[in-house]
K.L.:
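Structure below; questions to follow.
All figures in this text were calculated on a predicted structure; none of them were measured in a lab. Here is how names work: the chains are called A, B, and so on, in the same order as the sequence lines, proteins then strands, and each is numbered from 1.
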Amino acid sequence: MRLSQLFFTTLRDDPADAEMPSHRLLVRAGYVRQLGAGIYSLLPLGFRVAKRVEQVIREEMDRIGCQEMVMPVVHPADLWKETGRWYQIGPEMARFKDRGGRDMVLAMTHEEVVADLLRDIVRSYRQLPLMVYHFQTKFRDEPRSRGGLIRVREFVMKDSYTCDLDEAGLDTSYEKHYEAYSRIFERLGLQAIAVASDVGMMGGSAAHEFMVLNPFGEDVLVLCETCGFSANRQVARVRVSEPPGAAALPLEEVATPGATTIADLAAFLGISAEETAKATFFVDGDGRLVTAIVRGDMEVNETKLANAAKARALRPAQAEEIRAAGMEPGYGSPIGARGAFVVVDDLVARSSNLVAGANREGFHYRNVNVGRDYAPDLVADLTNARAGDGCPTCGAPVVLRNGIEVGNIFKLGTKYTAALGATYLGEDGLAHPIVMGSYGIGVGRAVACVVEAHHDERGIAWPAEVAPYPAHLVTVAAAKDPRVHEIAERLHDRALAAGREVLWDDRDESPGVKLTDAELMGMPLVVTISPRSLAAGGAEVTVRATGERTIEPLEAVEARLVG
RNA sequence: CGGGGUGUGGCGCAGUGGUAGCGCACGUGCUUUGGGAGCACGAGGUCGUGGGUCCGAAUCCCACCGCCCCGACCA
């Protein structure tokens, strides 16, 4: 490919609205362009990278026996009404009516369609197990896109679906995907770690996310460097030291004027935050007030709370809503509350004689004990893991890191097949729902993650497996020596004939421009041909990732490019 | 949806009431050719949109829209 013909441009300055390195570099080097918030075009270079990433995924999916197909982007809403998601999912799902006034949706995912196909096609246990996948555009109207290609609203995802007779079959399919994903991310040059994760609204019994560590990552991972434990903070259940056991003392009201925060309260009473109980207030999608009680030195993890309380769409409660349930913001506790659903962190439930709100402005209680002073509706693990807390498997201190989710695998179970009546006839002659799993990788996000992991201050440094072209020819001072252009053209043409297209910067630009662009664009090899290199015995070959430079004879260079 | 920014030529930016500018990029010509070259000439802007104030608005006021960041949210 001649650069003079390529549809691209490089930018000398960073785009003003880009912060993450991958975003800056992909825009500056001419790989992508933004059309709107969270909506991007892939320019020819970017599209080539995406196709190479897809090819890696395709090969590994095929290898485990997953069959490629393609399912529609636009779905009749009826299907989503059947599984109930039409009603459960909020404004992140784009909906419209067709000309006949029928409700339609833009697909966010394809469980419904797979289950619909299964109920049409699968009759007998002899047709299972089965694994299918496709690459398809998804649209999710995220409340906030960010980070260039990291979090977008329209994107291509590889999603696969496994269909098994039973849980044991699902376990096998899940394991195959786990291994395929590990190979995919390794081939992409990504150090992905699999972490246990929340199953979210997908339902199901188990899930892992494949995360790459990144300071801009939106997820917090809990990692143990001693034993290798890893989990998303949404599900990580760490060990903290047991509270001292003590006999319950009599409840005692104490004036605490102005002490509306735990820090104020602890300072006022001269105690530590660990000796207090903090009440936080939420309202769920059904309008139910949910009160979560955690120890004063800890934070509520809303995912854990939502799962424990079987609540969806939690939001912080307003002061009036809290008062309506008989509690006082700033001085709140479940003592004397009415109509609130009270969830107590298990550590608080095991603690005695904590300081908690008296539900009266300016007052708290000492010696509050769960069970004696108020009755929880539920006791559960509700808190955010903290750096230094104990690893759940080995007890060593854990560390927290930010991560980007590049892939996920879910054990779905029969949620969708049962709802849609996708059953098979077993050996026992009875109908059974098919057991499903679902597995995703965001292609564009993976591309961005590769750049995050493979760049320097000068630009991108693609791993060979995903580079848009294996090499970038740069001709310098071609006017001084007609051989420069001829040699470059010959190398370019022979590589092309051998099925290995290379990039050739044939533009009439100064050496500085060309070499700088080559480093920005990031092909694994930069081959410089100039009168000087010819005098030195051939072409200069630079390994982009390491900066290593050697003069090689032209025959050797040709062999590298062709082969 | 809350908070904070921002919107002026392709990109990056200056311009806070009185003739729309700078750098880069772009076009033509000449020179130049190993690290974002030089000279000359030139093209390119409804100053996000709509109202309002004013003799006069990129600039002041109001509303709306787009985009970015933080938070909420995130099958």
K.L.:
Scan every strand shown for a Watson-Crick or G-U wobble partner of B:rC11, both distances under 3.5 Å, and answer none if you come up empty.
P.N.:
B:rG23

K.L.:
Paired with B:rC39: which nucleotide, if any, by Watson-Crick or G-U wobble criteria at under 3.5 Å for both distances?
P.N.:
B:rG29

K.L.:
What distance, rounded to whole Å, do you find between the two C1' atoms, one in B:rC24 and one in B:rU19?
P.N.:
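Rounded to whole Å, the distance is 26 Å.
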
K.L.:
On the nucleotide B:rA25, are OP1 or OP2 found under 4.0 Å from the side-chain N or O atoms that A:R12 carries?
P.N.:
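Yes, because at least one side-chain N or O of A:R12 sits under 4.0 Å from OP1 or OP2 of B:rA25.
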
K.L.:
Tell me which nucleotide among B:rG34, B:rG36, B:rC11 gets nearest to the side chain of A:D13.
P.N.:
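Side chain of A:D13 sits closest to B:rC11.
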
K.L.:
Determine whether A:N402 and A:N214 make a side-chain contact, defined as any pair of heavy atoms from C-beta on separated by less than 4.5 Å.
P.N.:
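Heavy-atom side-chain distance check fails, nothing below 4.5 Å.
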
K.L.:
For atom P, what is the distance between B:rC55 and B:rA14, given to the nearest Å?
P.N.:
32 Å

K.L.:
Just how far, in rounded Å, is C1' of B:rU33 from CG of A:D505?
P.N.:
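It is 13 Å, rounded to the nearest whole Å.
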
K.L.:
Out of B:rA37, B:rA72, B:rG34, which nucleotide sits closest to the side chain of A:V476?
P.N.:
B:rG34

K.L.:
How would you label the contact of A:N408 with the nucleic acid (heavy atoms, under 4.0 Å): base, sugar-phosphate, or nothing?
P.N.:
base

K.L.:
Figure out the CD/C1' separation between A:E509 and B:rA37, and round it to whole Å.
P.N.:
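Checked: the CD to C1' distance equals 11 Å.
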
K.L.:
Pull up the glycosidic torsion of B:rU32 and say syn or anti, syn being anything within 90° of 0.
P.N.:
anti

K.L.:
Taking only the side-chain nitrogens and oxygens of A:Q34, find out if one of them lies under 4.0 Å from OP1 or OP2 of B:rC68.
P.N.:
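The answer is yes; a side-chain N or O of A:Q34 sits under 4.0 Å from OP1 or OP2.
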
K.L.:
Write down the distance between CD (A:E19) and C1' (B:rG5), rounded to a whole number of angstrom.
P.N.:
11 Å

K.L.:
When the C1' atoms of B:rG48 and B:rU59 are compared, how many Å lie between them, rounded to an integer?
P.N.:
15 Å

K.L.:
Given the P atoms of B:rG7 and B:rC11, what is the spacing between them in whole Å?
P.N.:
14 Å

K.L.:
On a whole-Å scale, what distance lies between the C1' atoms belonging to B:rG36 and B:rG12?
P.N.:
15 Å

K.L.:
Is the shortest side-chain N to carboxylate O distance from A:R144 to A:E218 below 4.0 Å?
P.N.:
no

K.L.:
For A:G147, answer base if it contacts any base atom (sugar-phosphate contacts may also be present), sugar-phosphate if it contacts only those atoms, and nothing otherwise; contact means non-hydrogen atoms under 4.0 Å.
P.N.:
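If one applies the 4.0 Å heavy-atom cut-off, A:G147 turns out to touch the sugar-phosphate alone, with no base involved.
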
K.L.:
Between A:K278 (side chain only) and A:I262 (backbone N and O only), is there a donor and an acceptor less than 3.5 Å apart?
P.N.:
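No, the answer is negative, given that no donor and acceptor are paired below the 3.5 Å cut-off.
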
K.L.:
Rounded to the Å, how far apart are A:K138 NZ and B:rC74 C1'?
P.N.:
16 Å

K.L.:
Report the distance from atom CG of A:L25 to atom P of B:rC11, rounded to the nearest whole Å.
P.N.:
18 Å

K.L.:
To the side chain of A:E519, which of B:rG35, B:rG12, B:rC67 is closest?
P.N.:
B:rG35

K.L.:
Any heavy-atom pair between the side chains of A:Y181 and A:V406 that's under 4.5 Å?
P.N.:
no

K.L.:
Counting the atoms with a prime plus P, OP1 and OP2 as sugar-phosphate, which does A:S145 contact under 4.0 Å by heavy atoms, base, sugar-phosphate, or nothing?
P.N.:
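Here A:S145 touches the backbone only, sparing every base.
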
K.L.:
What contact category does A:M157 fall into here, base, sugar-phosphate, or nothing, at under 4.0 angstrom with non-hydrogen atoms?
P.N.:
base

K.L.:
When you get a sec, tell me which of B:rG71, B:rC68, B:rG34 is the closest nucleotide to the side chain of A:R549?
P.N.:
B:rG34

K.L.:
Under a 4.0 Å threshold between the charged nitrogen and the carboxylate oxygen, would A:R95 count as salt-bridged to A:D103?
P.N.:
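Salt bridge flag = no for A:R95 with A:D103.
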
K.L.:
Within the structure provided, determine whether A:I89 and A:W80 are in side-chain contact (heavy-atom separation under 4.5 Å).
P.N.:
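Heavy-atom side-chain distance check passes, below 4.5 Å.
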
K.L.:
Is a donor-acceptor contact shorter than 3.5 angstrom present between the side chain of A:D517 and the base of B:rG36?
P.N.:
yes

K.L.:
Select base, sugar-phosphate, or nothing to describe what A:G36 touches, counting heavy atoms under 4.0 Å on all strands.
P.N.:
sugar-phosphate

K.L.:
Whether A:S510 contacts B:rA37 is assessed here as follows: a side-chain N or O lying under 4.0 Å from the phosphate OP1 or OP2. Is that the case?
P.N.:
yes

K.L.:
Examine the base of B:rG10 for any acceptor or donor lying under 3.5 Å from a partner atom in the side chain of A:R28, and report the outcome as yes or no.
P.N.:
no

K.L.:
Is it the case that B:rG34 (base atoms only) and A:T528 (side chain only) share a donor and an acceptor within less than 3.5 Å, ignoring hydrogens and angles?
P.N.:
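Checked by distance alone, the answer is no.
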
K.L.:
Would you measure the distance from the C1' atom in B:rC13 across to the matching atom in B:rG52 and give it in whole Å?
P.N.:
30 Å

K.L.:
Tell me which nucleotide, if any, is Watson-Crick or G-U wobble paired with B:rC60 when both distances must be under 3.5 Å.
P.N.:
B:rG52

K.L.:
Counting side-chain heavy atoms from C-beta on, which of B:rC74, B:rG12, B:rG35 comes nearest to A:A16?
P.N.:
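Per side-chain heavy atoms of A:A16, the pick is B:rG12.
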
K.L.:
Start at the 5' end of RNA chain B and walk down; is the nucleotide closest to A:R146 or to A:R33 reached first?
P.N.:
A:R33

K.L.:
Give one of base, sugar-phosphate or nothing for A:E302, where a contact means two heavy atoms less than 4.0 Å apart.
P.N.:
sugar-phosphate

K.L.:
May I have the distance from A:L11 (atom CG) to B:rC13 (atom P), rounded to whole angstrom?
P.N.:
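Spelled out: CG on A:L11 to P on B:rC13 is 12 Å.
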
K.L.:
Under a 3.5 Å cut-off for both contacts, is B:rC67 paired Watson-Crick or G-U wobble with anything, and if yes, with which nucleotide?
P.N.:
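Looking at the geometry, B:rC67 pairs with B:rG5.
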
K.L.:
When you measure from the side chain of A:A479, which nucleotide among B:rC68, B:rA37, B:rU33 comes out closest?
P.N.:
B:rU33

K.L.:
Between A:K310 and A:D284, does any NZ, NE, NH1 or NH2 come within less than 4.0 Å of an OD or OE carboxylate oxygen?
P.N.:
no

K.L.:
Start at the 5' end of RNA chain B and walk down; is the nucleotide closest to A:Y40 or to A:L314 reached first?
P.N.:
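Result: A:Y40.
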
K.L.:
With C1' as the reference atom in both, quote the distance from B:rC70 to B:rG10 in angstrom, rounded to an integer.
P.N.:
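Their C1' atoms lie roughly 30 Å apart.
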
K.L.:
Counting the atoms with a prime plus P, OP1 and OP2 as sugar-phosphate, which does A:R153 contact under 4.0 Å by heavy atoms, base, sugar-phosphate, or nothing?
P.N.:
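No contact at all - A:R153 keeps every heavy atom at 4.0 Å or more from the nucleic acid.
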
K.L.:
Please determine, for the side chain of A:D508, which listed nucleotide (B:rC70, B:rC13, B:rU33) has the closest atom?
P.N.:
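Taking heavy atoms from C-beta onward, the closest nucleotide is B:rU33.
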
K.L.:
Say we look at B:rG42 and B:rU6: how far apart would their C1' atoms be, to the nearest angstrom?
P.N.:
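The same atom, C1', in both gives a distance of 33 Å.
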
K.L.:
Is there side-chain contact between A:V557 and A:R560, with heavy atoms separated by less than 4.5 Å?
P.N.:
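When only atoms from C-beta onward are counted, A:R560 and A:V557 do not touch, as no gap falls below 4.5 Å.
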
K.L.:
Please give me the minimum heavy-atom distance between A:S160 and A:M61, naming the atom from each residue.
P.N.:
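Closest approach of A:S160 to A:M61: OG-SD, 3.9 Å.
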
K.L.:
If I take atom CZ in residue A:R315 and atom C1' in nucleotide B:rG2, what distance separates them, rounded to the nearest angstrom?
P.N.:
13 Å

K.L.:
Mind checking A:T9 for me? I need base, sugar-phosphate or nothing, with any heavy atom below 4.0 Å counting as a touch.
P.N.:
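The residue A:T9 makes no contact with any strand.
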
K.L.:
Without decimals, in angstroms, what is the distance between A:L35 CG and B:rG66 C1'?
P.N.:
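A:L35 atom CG is separated from B:rG66 atom C1' by 12 Å.
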
K.L.:
Distance check: side-chain N/O of A:K480 vs OP1/OP2 of B:rU32, anything under 4.0 Å?
P.N.:
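Answer no for this pair, as no side-chain N or O of A:K480 is under 4.0 Å from OP1 or OP2.
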
